[in-house]
Protein chains: 2
Amino acid sequence: MATRQTVDPDSATPVYVQVADILRSRIEAGQLLPDRPVPSETQLQQEFGVARGTARKAIALLRDQGLVVTVKGRGSYVNPGR
Amino acid sequence: MATRQTVDPDSATPVYVQVADILRSRIEAGQLLPDRPVPSETQLQQEFGVARGTARKAIALLRDQGLVVTVKGRGSYVNPGR
DNA sequence: CTATATTTGTGCGTATGTATG
DNA sequence: ACATACATACGCACAAATATA
């Protein structure tokens, strides 16, 4: 198996940007498919060991970039229109 | 009757820890018996005036400490094995 | 079997406080 | 002063499991 992707709290790149970058790479690699959910905030917390706010900011970044759409109470999904 | 137990939102101790502490003391005092239910999340909300998430965190704390077990759709029970 | 109520599980939205660089 | 990041705590909505009428 591949080495698990991690985040570096001491990097110059903010952690929430690092998380967003990882998710973006997964989308572009086809590991996360259009109209399919991206990991929930809770899952991101657990996977990367970050606070919920940090997970939320990562998702917000992808949303601002048009890569995902978020549905209240349901989750975020890879933008179907790509 | 005894004065109703309350929670202090301004305490240094998080509210969910305070709630857990109160429930633990009831278990140790034999007011909550093994294999018998602890108050539901809704009851804890009402009794202590806290949010459901706070009540859930209190229960989760007791569960992590092995004091209670939780069954979806039923509730949480004082660990029978004590 | 169906319907309803209860309870826990999950998910997002928001606000506040603290600490650090 | 500001951005980042953590933790806490409120809220709302819906799903899933269970119990009961």
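First the proteins, then the strands, lettered A, B, ... as listed; each starts at 1.
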By the 4.0 Å heavy-atom rule, please label A:Gly75 as base, sugar-phosphate, or nothing.
sugar-phosphate
Return no unless some side-chain N or O of A:Ser40 is found under 4.0 Å from OP1 or OP2 of C:dG11.
yes
Side chain of A:Arg56 only, heavy atoms from C-beta on: which candidate in D:dC10, C:dG9, C:dT14 is closest?
C:dT14
On DNA chain D, check which nucleotide each of A:Gly53 and B:Val15 is closest to and give me the residue with the more 5' one.
A:Gly53
Could you tell me the Watson-Crick or G-U partner of D:dA1, where both distances fall under 3.5 Å? Say none if there is no partner.
none
Length of the line joining A:Leu44:CG and D:dA5:C1', which is rounded to integer Å:
15 Å
If we ignore hydrogens and angles and just use 3.5 Å, is the side chain of A:Arg4 paired with the main-chain N or O of A:Glu47 as donor and acceptor?
yes
Rounded interatomic separation in angstrom, taking CD from B:Glu41 and C1' from C:dT7
7 Å
Go through the steps for A:Val19 and A:Leu61 under the test side chain to side chain contact (heavy atoms under 4.5 Å, CB included), then give the verdict.
CA-CA 10 Å; A:Val19 173; A:Leu61 204 53; over 6 Å; no
Please give me the minimum heavy-atom distance between B:Phe48 and B:Arg26, naming the atom from each residue.
CZ-NH2, 4.0 Å
In whole angstroms, how far is the P atom of C:dT14 from the CD1 atom of A:Ile59?
15 Å
Rounded to whole Å, the NZ-P distance (A:Lys57 to C:dC12) equals 17 Å
Just to confirm, is there a sub-4.0 Å distance from OP1 or OP2 of D:dA17 to any side-chain nitrogen or oxygen of B:Arg74?
no
Is there a donor-acceptor contact under 3.5 Å from the side chain of B:Gln18 to the main chain of B:Asp8?
yes
Name the closest nucleotide to the A:Val50 side chain, picking from D:dC10, D:dC6, D:dA5.
D:dC6
Closest to the A:Pro14 side chain: D:dC6, D:dT4, C:dG13?
D:dT4
Where each residue is assigned the nucleotide of DNA chain D containing its nearest heavy atom, which of A:Thr54 and B:Ala55 is assigned the position nearer the 5′ end?
A:Thr54
How long is the line joining OH of A:Tyr16 and P of D:dA3, in whole Å?
9 Å
Nearest whole angstrom, please: distance from the C1' of C:dG11 to the NZ of A:Lys72.
11 Å
If you look at every heavy atom in B:Asn79 and B:Gly66, which pair is closest and at what distance?
ND2-O, 3.0 Å
Distance check needed: C:dC12 P versus A:Gln45 CD, whole Å only.
10 Å
Roughly how many Å is it from CZ in A:Arg52 to P in C:dT18, rounded to a whole number?
21 Å
